[in-house]
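Just so we're clear, the structure is a prediction, and the values are computed from it rather than from any experiment. Chain A is the first sequence line, chain B the second, and so forth, proteins listed ahead of strands; every chain is numbered from 1. Computed from heavy atoms alone, side chains included, the values below leave out hydrogens, waters and symmetry copies.
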Amino acid sequence: MTLLAERTEAGTLRASSSGDKVRLLGWVQRRRDHGGVIFVDLRDRSGIVQVVFNPDMPEEAFVRAERLRTEYVVSVSGSIRKRPEGAENSNIATGEIEVVAETLDILNGAKTPPFYIQDNVDVDESVRLKYRYLDLRRPEMQAVFKTRHQITQIMRNYFDSRGFYEIETPILTKSTPEGARDYLVPSRVHPGEFYALPQSPQIFKQLLMVSGMEKYFQIARCFRDEDLRADRQPEFTQLDVEMSFVEVEDILPLMEEMMARIFAETTGKTVQTPFPRLTFNEAWERYGSDKPDTRFGMELVDVADEVVNSGFKVFTDILAKGGRVKGICAKGCATMPRRELDGLVNFVNTYGAKGLAYIVLAEEGVKSPIAKFFTEEELSSLISRMRGETGDILFFVADKDKVVGDALGHLRLELAKRLNLIQEGTLNFLWVTEFPLLEYDEEEKRYVAIHHPFTSPMDEDLPLLDTDPGKARAKAYDLILNGVELGGGSIRIHRREVQEKMFTLLGLSPEDAISKFGFLLEGFEYGTPPHGGIAFGLDRLVMLVAGRENIRDVIAFPKTQSATCLLTQAPSAVVGKQLKELSIKTHIIAASK
RNA sequence: GGAGCUGUGGUGUAGUGGUUAACAUGCCGGCCUGUCAAGCCGGAGACCGCGGGUUCAAGUCCCGUCAGCUCCGCCA
């Protein structure tokens, strides 16, 4: 029998198997040498068990046990026995028993690791990333990747049982305009030409609908060469789905059930379906966000009609110029120190707000730098509109619509964090629907697609494309969980004349459209079914299921914020021969100061 | 492209401009037969991220730079 064939997992051992002979394979978590008896905590993927080495065992094995050090890889045979009375350890699952060693083989030694292989390790993340293989040995990291595996398995089973095909699409593909910056791969065979890594399988999955695959999914790697954030990596994974002959009402329930299943089978939590829905417009007005966190209130309140006739010129001027004045009511914040208030002013500055007005409803009366601009009646009317009570602070931002929403939306989240308003464990799913189709880009002096250029307008808004394209809404939807955008999708355009109109609006001439998307447009002419789909950020989903705050924690070998890999030192220079084969000469243009 | 925070033995931290840079843990050696963060004794281990500057004197002050993190811009 092979070692592996006779092996028992350490973490599974219980008192019920006392007396059994076992073979353990794993790593030395810790050694406690009492001179006579030696205790070794042996760790494998399943957990930890205490192994006892006694001087009365064969001398050869005991001598080896004295040589053991942290992270040595060992094979131990022995028998399970209940621990002596009083020596049980309730902190570990196997704490009622121990394994009395009979033989010990050191399969491999190990250098002392730079940090403890245990949970909640207090070590700089860059050290963890450099020694990622050790970091991943830690039980909490093992648990994350078990969860990640379970989630993808559930997805595969779910779609398989509903008749979806899992189909792979190219990694080496064509650079297309619109969207994020592409990662490029030089072609050796075609000097001076480049492949692009896919930002998503978008075009291919639509072509698969033209191909008559009808139901497709893929757990697909995507690449975007943009700056990183705590929830953004340059390469990430999407659950990508596309279906033919669908409408919005086919897709959303399908995804709701999948989410419910994922949470039920991984965390045991029940997810209520169907999920609530908000239109984009409502989300923006009430939460200042297209991905509102609905786990707490503190909604934005439009106070334009309360202040429009006041003597406060800052507000009235902005309203006269077509801007907005909105506020939020922070419950119980009246005792917030002045310094913290000033900090919040700086906070909203980040989002373009030039100021943050506030009214403190203190026990001793209203305190506010702006109160003097309002009459007694105006002030009390404003306070009651905001549902302000003694002990609260009212915050106001006046600016362009975009700035007001951004600033107050983020302030709302920041205050919720500081005031601890979010109950742990809550799962608030939310669909945001009826996104605008287009957005006018001041810099490029043209419309750009909010979702992507293949998103279908809502039927009733089709005429708007000719009259007021910025007002047209799309058959697009995003799934939000606890204020995190998990994914989004749309029903696609499948009629050529609509697609052409869309390209025109995006400033693409018919010639441009053909040179950039010709293969797709041509494909669409051969009998394209109505189709639509959705894509989810798998990494973000795993983050939320596993309760992690950082996307790097759910990716086995992630990149740093500057898109490097501390483990492999990628990216790196290559030898001249490689460049020559690619017909590439590098010429580093110094960053301008 | 911009803003902020951090950088001191392997790891985590302390360190009014002034001796030999301190503590914990880990590591090495010794003692020790019921520990589980074992214990006790001893030892090794740092040119304070890097480069300038100010000063009689810099881990400490100034400038620059690099790295990590968080955020803005960016991310259909």
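Contact annotation: Thr564(A) reaches the phosphate of G68(B) (side-chain N/O to OP1 or OP2, under 4.0 Å). Using a 4.0 Å cut-off, no side-chain N or O of Arg32(A) falls inside it from OP1 or OP2 of U35(B). Taking side-chain N and O atoms only, Arg229(A) has a distance below 4.0 Å to OP1 or OP2 of C72(B). Remark: Thr70(A) is in phosphate contact with C27(B), judged by side-chain N or O atoms under 4.0 Å from OP1 or OP2. An OP1 or OP2 oxygen of C28(B) is reached within less than 4.0 angstrom by a side-chain nitrogen or oxygen of Arg69(A).
When heavy atoms are screened at a 4.0 angstrom cut-off, Pro114(A) is found touching the sugar-phosphate backbone but no base atom. Here Phe39(A) lies in heavy-atom contact (under 4.0 Å) with a base. Looking at heavy-atom distances under 4.0 Å, Pro113(A) makes no contact with the nucleic acid at all. Counting non-hydrogen atoms under 4.0 angstrom, Ala87(A) reaches a base of the nucleic acid. Among the atoms of the strands shown, only primed sugar atoms or phosphate atoms (P, OP1, OP2) are found under 4.0 Å from some heavy atom of Tyr351(A). Counting non-hydrogen atoms under 4.0 angstrom, Asn89(A) reaches a base of the nucleic acid. Contacts of Val123(A) with the nucleic acid, taken as non-hydrogen atoms under 4.0 Å apart, involve only primed sugar atoms and P, OP1 or OP2. Residue contacts shown for Gln233(A) are absent, as no nucleic acid heavy atom lies under 4.0 Å away. Contacts of Gln50(A) with the nucleic acid, taken as non-hydrogen atoms under 4.0 Å apart, include base atoms.
Distance Leu68(A) CG to U35(B) P: 21 Å, rounded to the nearest Å. As a whole-Å value, the separation of Leu42(A) CG from C36(B) C1' is 14 Å. Summarising the geometry, the separation between NE2 on His410(A) and P on U70(B) is reported as 15 Å, rounded to the nearest angstrom. Rounded to whole Å, the distance from CG on Asp41(A) to P on A37(B) is 9 Å. In this structure, Lys130(A) atom NZ and G7(B) atom P are separated by 19 Å, rounded to whole Å. If you take CZ of Arg67(A) and P of C28(B), they are 13 Å apart, rounded to a whole angstrom. Put simply, CD1 on Ile48(A) is 15 Å from P on C36(B), counting in whole angstrom units. Following rounding to the nearest Å, Gln29(A) (CD) and A38(B) (P) show an atom-to-atom distance of 10 Å.
Of the P atoms belonging to G9(B) and G51(B), the separation is 15 Å, rounded to the nearest Å. Taking atom C1' in both A58(B) and G18(B), one finds a spacing of 10 Å when rounded to whole Å. Across the P atoms, A3(B) and G64(B) are found 11 Å apart, a figure rounded to whole Å. Straight-line distance between the P atoms of C27(B) and A67(B): roughly 33 Å, to the nearest whole Å. Comparing the same atom, P, in A57(B) and in C71(B) gives a spacing of 44 Å after rounding to whole Å. Separation of the P atoms belonging to C69(B) and G12(B) is 15 Å when rounded to the nearest angstrom. With P as the reference atom, G10(B) and C28(B) are 15 Å apart, rounded to whole Å. Between C36(B) and G26(B), the distance separating the two P atoms is 13 Å to the nearest Å.
With a 3.5 Å ceiling on both atom-pair distances, C75(B) lacks any Watson-Crick or G-U wobble partner. Summarising the base pairing, G39(B) is matched to C31(B) through a Watson-Crick or G-U wobble pair whose two defining distances lie under 3.5 Å. Using the Watson-Crick or G-U wobble rule with both distances under 3.5 Å, U20(B) pairs with nothing in any strand shown. Shown here, G4(B) forms a base pair with C69(B); the pair counts as Watson-Crick or G-U wobble because both key distances fall under 3.5 Å. Taking a pair to require two hydrogen-bonding distances under 3.5 Å in either a Watson-Crick or a G-U wobble arrangement, U60(B) remains unpaired. With a 3.5 Å ceiling on both atom-pair distances, U54(B) lacks any Watson-Crick or G-U wobble partner.
Contact annotation: side chain of Arg81(A) to base of G34(B), donor-acceptor pair present below 3.5 Å. Scanning atom types as modelled, no donor and acceptor separated by under 3.5 angstrom connect the side chain of Arg31(A) and the base of C36(B). Judged by distance alone, with hydrogens and angles left aside, Arg30(A) brings no side-chain donor or acceptor close enough to the base of U35(B) to form a pair under 3.5 Å. Between the base of G73(B) and the side chain of Asp227(A) there is a donor-acceptor pair shorter than 3.5 Å.
Tested against Leu356(A), the residues Val345(A), Leu341(A), Asp342(A) include a single side chain to side chain contact (heavy atoms under 4.5 Å, CB included) partner, Val345(A).
Scanning both residues, Pro558(A) and Leu129(A), for their nearest heavy atoms gives CG-CD2, 3.7 Å.
For Asp231(A) and Arg181(A), each mapped to the nucleotide of RNA chain B holding its nearest heavy atom, the one lying further toward the 5' end belongs to Asp231(A). When each of Asp122(A) and Arg224(A) is assigned the nucleotide of RNA chain B bearing its nearest heavy atom, the one mapping closer to the 5' terminus is Asp122(A).
Asp240(A) and Tyr216(A) are linked by a side-chain donor-acceptor pair at a separation below 3.5 angstrom, with hydrogens and angles left out of the test. With no hydrogens or angles considered, a side-chain donor-acceptor pair links Asp44(A) and Ser46(A) at under 3.5 Å. In this model, a donor atom of one side chain and an acceptor atom of the other lie less than 3.5 Å apart for Gln218(A) and Thr169(A).
No close placement of the Phe62(A) and Phe53(A) rings is indicated, their centers lying 6.0 Å or farther apart.
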Inset, instruction - Go through Arg232(A) and Glu226(A) one step at a time and tell me if the salt bridge (Lys or Arg N to Asp or Glu O under 4.0 Å) criterion holds. - result: CA-CA 9 Å; Arg232(A) 260 163 43 189; Glu226(A) 296 293 347; over 6 Å; no
Inset, instruction - Go through the steps for Phe517(A) and Phe503(A) under the test ring-ring contact (aromatic ring centres under 6.0 Å, His included), then give the verdict. - result: CA-CA 10 Å; Phe517(A) 296 110; Phe503(A) 282 143; 5.3 Å; yes
Inset, instruction - May I have the step-by-step check of ring-ring contact (aromatic ring centres under 6.0 Å, His included) for Phe236(A) and Phe223(A), ending in yes or no? - result: CA-CA 7 Å; Phe236(A) 60 100; Phe223(A) 307 85; 8.2 Å; no
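A salt bridge links Asp135(A) with Arg132(A); the closest basic N to acidic carboxylate O contact falls under 4.0 Å.
Between atom CE of residue Met141(A) and atom CG of residue Leu134(A) there is a gap of 12.0 Å, rounded to the nearest 0.5 Å.
By the 30° and 60° cut-offs, the orientation of the rings of His452(A) relative to Phe454(A) is tilted.
The Ala180(A) side chain lies nearest to C75(B) when the options are G34(B), C75(B), G12(B). Listed nucleotides G73(B), A37(B), G34(B) differ in distance to Arg232(A); the shortest reach to its side chain belongs to G73(B).
In the region residues 549-563 of chain A, proximity to RNA chain B at under 4.0 angstrom, judged on heavy atoms, holds for Asn550(A), Arg552(A), Thr560(A), Gln561(A), Ser562(A).
In this structure, the aromatic ring of His34(A) is not positioned over the six-membered ring of the base of G34(B) within 5.5 Å between centres and 30° between planes.
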